[in-house]
Number of protein chains: 2
Amino acid sequence: MPDDFYEQTPDANAAATEGVMNTIRTADMFFDRIGRLLRPLGVSAAGGLVLGILRDHGTMSPSELGERLIVTRATVTGLLDSLERRGCVIRSANPADRRGLLVSITPAGLTVVKEVRTIIHGNERDWMSVLSDAELRTYVELLHRIQDRLVRS
Amino acid sequence: MPDDFYEQTPDANAAATEGVMNTIRTADMFFDRIGRLLRPLGVSAAGGLVLGILRDHGTMSPSELGERLIVTRATVTGLLDSLERRGCVIRSANPADRRGLLVSITPAGLTVVKEVRTIIHGNERDWMSVLSDAELRTYVELLHRIQDRLVRS
DNA sequence: ACGTGATAGTTAGGCAGCGTATTGTCAAGA
DNA sequence: TCTTGACAATACGCTGCCTAACTATCACGT
């Protein structure tokens, strides 16, 4: 998002606008870099998140995956389609509820998620290295405050 | 993006990861809220950006729009298709270069962009009101430092 | 004058997200 | 029992973003 979108606004909103626009721009950059780093592994950024969750928390339903990812169930369906095609996860019937499924990570998926983490962690550390430890703590705290405001719509 | 994706990482990367993930999550929230606010106007968040640029800088080529938006020309094609369908912009031939086009905002587009700004500015101010002026300045400065690091890949 | 490479825009195909509608299943109350 | 409302997953259509390939045009160097 370009700086100049709102440059004609001379009032007190300018600072708030800059905060919002720069947040979005920075996140876009992160997401873009992560996607490029993961492409050689054959998974998307979203797919990497799914595998990480399955690795840490084990088999779960698509709905629960959606809650953890903060996306809709419809989106989870598509993500699982991709991951299943690549052999990273399998869907099986939930014996306790015939409406539901259970999603499990495969050995191939475990291999992928291991590589994902190695790649991403190093880069994240690098990206944030321009902030001191104290600045990073401040930054995260400010983000949390903004998020708290946002969840209250 | 869920907090717990990387929770099993006990080393020094945890703070950096939290910074990256929270940036993405916050931006997602911003983008979602903006999209919902703009839906009644019949334009997407990206469409609103295009109209704002055209309003501030006048007629320009799709390529230049793409540079300002930091998206590819192919993406601009799609955005202009939508905006043209809604009567907000028109494409015309560039008399100086028969390869190129010129995109102009229409009176209807001007009306829309005015409403967009009114709606968005008030909300941005509200969202960022949880930070003091000094904190907001700090926040934006930290974002700029991170962005500077990111543009150097 | 004429290739040759660069540029402008589109198209095609893919992924990821959404909202909405649909189908099947569960659970609770009449 | 049976109906009714909630829930699980999917299908469909839309937007937005990408890359790659294509056509048309330009601009430069020979």
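Letters A, B, ... are given to chains in the order of the sequence lines, protein chains preceding strands, and every chain is numbered from 1.
What separates CD1 of A/Ile70 from C1' of C/dC18 is a distance of 15 Å, to the nearest Å. For the pair A/Glu67 CD and D/dA8 P, the computed distance is 8 Å after rounding to whole Å. The nearest whole Å value for the distance from the CG atom in A/Leu101 to the C1' atom in D/dC7 is 13 Å. Protein atom CG of A/Asp81 is 12 Å distant from nucleotide atom C1' of C/dA16, rounded to whole Å. In this structure, B/Leu69 places its CG atom 12 Å from C1' of D/dC17, rounding to the nearest Å. Atoms CG (B/Leu49) and P (D/dT15) sit 17 Å apart, rounded to a whole Å.
Residue-level contact check: B/Ala45 touches neither bases nor backbone, having no heavy atom under 4.0 Å from any strand. Counting any heavy atom pair closer than 4.0 Å across all strands shown, A/Gly78 reaches no nucleic acid atom. Using a 4.0 Å heavy-atom cutoff across all strands shown, A/Ser63 reaches sugar-phosphate atoms only and no base atom. Residue-level contact check: B/Arg98 touches the backbone only, with heavy atoms under 4.0 Å from sugar-phosphate atoms and none from bases.
Each of A/Ser44 and A/Ala96 was matched to the nucleotide of DNA chain C holding its nearest heavy atom; the match closer to the 5' end belongs to A/Ser44. With the nearest nucleotide of DNA chain D identified for both A/Asp32 and A/Asp97, A/Asp97 has the one nearer the 5' end.
When atom types are taken as modelled, the side chain of B/Arg55 and the backbone of B/Ile105 share no donor-acceptor pair closer than 3.5 angstrom. A donor-acceptor contact shorter than 3.5 Å is absent between the side chain of B/Gln147 and the backbone of A/Arg25.
Comment: B/Arg137 does not engage B/Asp133 in a salt bridge, judged by the lack of any side-chain N to carboxylate O separation of less than 4.0 angstrom. Contact check on B/Arg117 versus B/Asp56 returns a salt bridge, with a Lys/Arg side-chain nitrogen under 4.0 Å from an Asp/Glu carboxylate oxygen.
Residue-to-nucleotide contacts include a donor-acceptor pair under 3.5 Å from the side chain of B/Arg99 to the base of C/dT7.
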